[in-house]
There are 2 protein chains.
Amino acid sequence: MKQVGEIIREKREEKGLLLRHLAAEIDIDQALLSKIERGERKATKEQIVKFETVFALKKGELMLQYLSENIAYDIIEEKNPIDVLHVAEDKVEYLRKQNKRK
Amino acid sequence: MKQVGEIIREKREEKGLLLRHLAAEIDIDQALLSKIERGERKATKEQIVKFETVFALKKGELMLQYLSENIAYDIIEEKNPIDVLHVAEDKVEYLRKQNKRK
DNA sequence: CATTTAATGGACAAATATAGTCAAATATTC
DNA sequence: GAATATTTGACTATATTTGTCCATTAAATG
């Protein structure tokens with residue numbers, strides 16, 4: 001199961017880019033990119049969008065990994081993380097219906 | 001589908017407590033409690049634990065609602081929130097296995 | 001193996017988000 | 001309509017996140 005940072009590093013190396021090249025494209029410091037790739041820091045949503053563009057990934061593909069990874073790490077230390085996700089699912093479905101109605 | 005704030009308000013009223021009484025027990029300003037009950041502000045995890053104690057709820061019961069509610073609102077505006085949750089579930093399961101092994 | 005180049009670590013600063021308070025304005029109850 | 005309870009909004013404090021700089025380490029190259 002690949003982490004977002006790993007995916008980014010792989011893609012960067014596939015393209016033969018150096019940290020500083022990709023960092024420049026994303027418009028961040030190369031040290032920060034290094035940390036993101038190694039999972040020491042999290043990217044922002046905006047940066048994930050940029051990565052998708054630079055790597056020509058399907059829109060939302062990396063974002064899906066990113067969002068779910070954040071959630072997973074947020075709750076992994078909790079009592080019943082799986083239950084939390086199931087209840088969250090109920091709530092999302094409920095909220096969507098609500099929105100549809102109005 | 002009840003929101004955390006609503007649950008708190010119900011419980012408080014069941015016990016016949018005023019905002020300022022419960023606020024004192026939880027050790028926050030009553031204005032903040034008012035906002036939490038109406039969903040204008042979010043409680044902290046620590047406060048949720050206190051609410052569980054004050055209301056003699058099963059440990060983790062309110063926390064489950066709280067955590068899942070936060071997640072639901074975090075992703076409701078995203079493209080495929082349900083997919084996000086499913087992938088998050090995979091990741092949680094993966095992380096747990098990892099932990100077990102070491 | 002010495003130099004150059006790339007990547008990483010750590011301390012700090014800036015920006016943003018969250019939590020909390022106070023006092024005034026509203027609403028509710030008697 | 002006075003007293004009590006709740007809500008609102010502006011503001012401050014605190015915590016967290018994001019980003020940069022520069023020193024250090026690691027890797028590659030002549």
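Every chain is numbered from 1, with letters handed out A, B, ... down the list of sequences.
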By side chain to side chain contact (heavy atoms under 4.5 Å, CB included), B/K15 pairs with (sequence neighbours left out) B/L17, B/V54, B/F55
What residues 63-72 of chain B contributes to the DNA chain C interface at heavy-atom separation below 4.0 Å is none
Here the side-chain hydrogen bond (donor to acceptor under 3.5 Å, both in side chains) pairs for residues 67-77 of chain A, sequence neighbours left out, are A/Q3-A/Y73
When rounded to whole Å, the NZ to P distance for the pair B/K50 and C/dA19 reads 14 Å
Ordered by number, residues from residues 5-14 of chain A within less than 4.0 Å of DNA chain C (heavy atoms) are A/R9, A/R12
Inset, instruction - Just call it for A/E46: base, sugar-phosphate, or nothing, with non-hydrogen atoms closer than 4.0 Å on any strand. - result: nothing
note: B/L19, atom CG; D/dT4, atom C1'; distance rounded to Å ~ 12 Å
Hits for side-chain hydrogen bond (donor to acceptor under 3.5 Å, both in side chains) against A/Q65, two or more places apart or cross-chain, chain-then-number order -> B/K91
Within the structure provided, determine whether B/T53 and B/E25 are in side-chain contact (heavy-atom separation under 4.5 Å). no
Expected output: side-chain B/Y66 to main-chain B/K42 donor-acceptor under 3.5 Å:
no
Rounded to whole Å, NZ of B/K42 lies from C1' of C/dG20 at a distance of 15 Å
Check the pair A/R12, A/E37 against salt bridge (Lys or Arg N to Asp or Glu O under 4.0 Å), reporting the backbone distance first and the verdict last. CA-CA 10 Å; A/R12 174 173 66 82; A/E37 287 187 349; 2.7 Å; yes
Value for CD1 (A/I7) from CD1 (A/I48), rounded to nearest 0.5 Å, stands at 9.0 Å
Rounded to the nearest 0.5 angstrom, the OG1-CD1 distance for B/T44 and B/I36 is 7.5 Å
Has B/R38 got a side-chain N or O lying under 4.0 Å from the OP1 or OP2 atom of D/dT7? yes
Within residues 24-37 of chain A, those residues having any heavy atom closer than 4.0 Å to DNA chain C are A/Q30, A/A31, A/S34, A/K35
In whole angstroms, the gap separating C1' of C/dC12 from CZ of A/R41 amounts to 11 Å
Whole-Å distance, B/I48 CD1 to C/dA19 C1', equals 14 Å
With sequence neighbours left out, the residues meeting side-chain hydrogen bond (donor to acceptor under 3.5 Å, both in side chains) with B/E78 are A/K45
Sorted by chain and residue number, the side-chain hydrogen bond (donor to acceptor under 3.5 Å, both in side chains) partners of A/R96 (sequence neighbours excluded) come out as none
- Message: Could you tell me if the side chain of A/E52 sits less than 4.5 Å from the side chain of A/K59, heavy atoms only?
- Response: yes
Sorted by chain and number, sequence neighbours left out, side-chain hydrogen bond (donor to acceptor under 3.5 Å, both in side chains) with B/H21 holds for none
### Message
Determine whether a donor-acceptor pair (N or O, by modelled atom type, separation under 3.5 Å) exists between the side chain of B/Q47 and the backbone of B/I26.
### Response
no
Here the distance between atom P of C/dT28 and atom CG of B/L18, to the nearest Å, is 15 Å
To the nearest angstrom, the CD-P distance between A/Q47 and C/dT16 comes to 13 Å
Atom pairs under 3.5 Å, N or O on each side, protein against nucleotides 28-30 of chain D: can you list them with distances?
none

Donor-acceptor pair, B/Q98 side chain versus B/L95 backbone, under 3.5 Å? no
Distances under 3.5 Å between protein N/O atoms and the N/O atoms of nucleotides 12-16 of chain D, please, pair by pair.
none

Table please: side-chain donor-acceptor pairs of residues 27-34 of chain B below 3.5 Å, with sequence neighbours left out.
| residue | atom | partner | partner atom | Å |
| --- | --- | --- | --- | --- |
| B/D29 | OD1 | B/A31 | N | 2.8 |
| B/S34 | OG | B/R38 | NE | 3.2 |
| B/S34 | OG | B/R38 | NH2 | 3.0 |

In whole angstroms, the gap separating P of C/dT18 from CD of B/E40 amounts to 14 Å
- Message: Main chain of A/K58, side chain of A/E61: is a donor-acceptor contact present, judged purely on distance under 3.5 Å?
- Response: yes
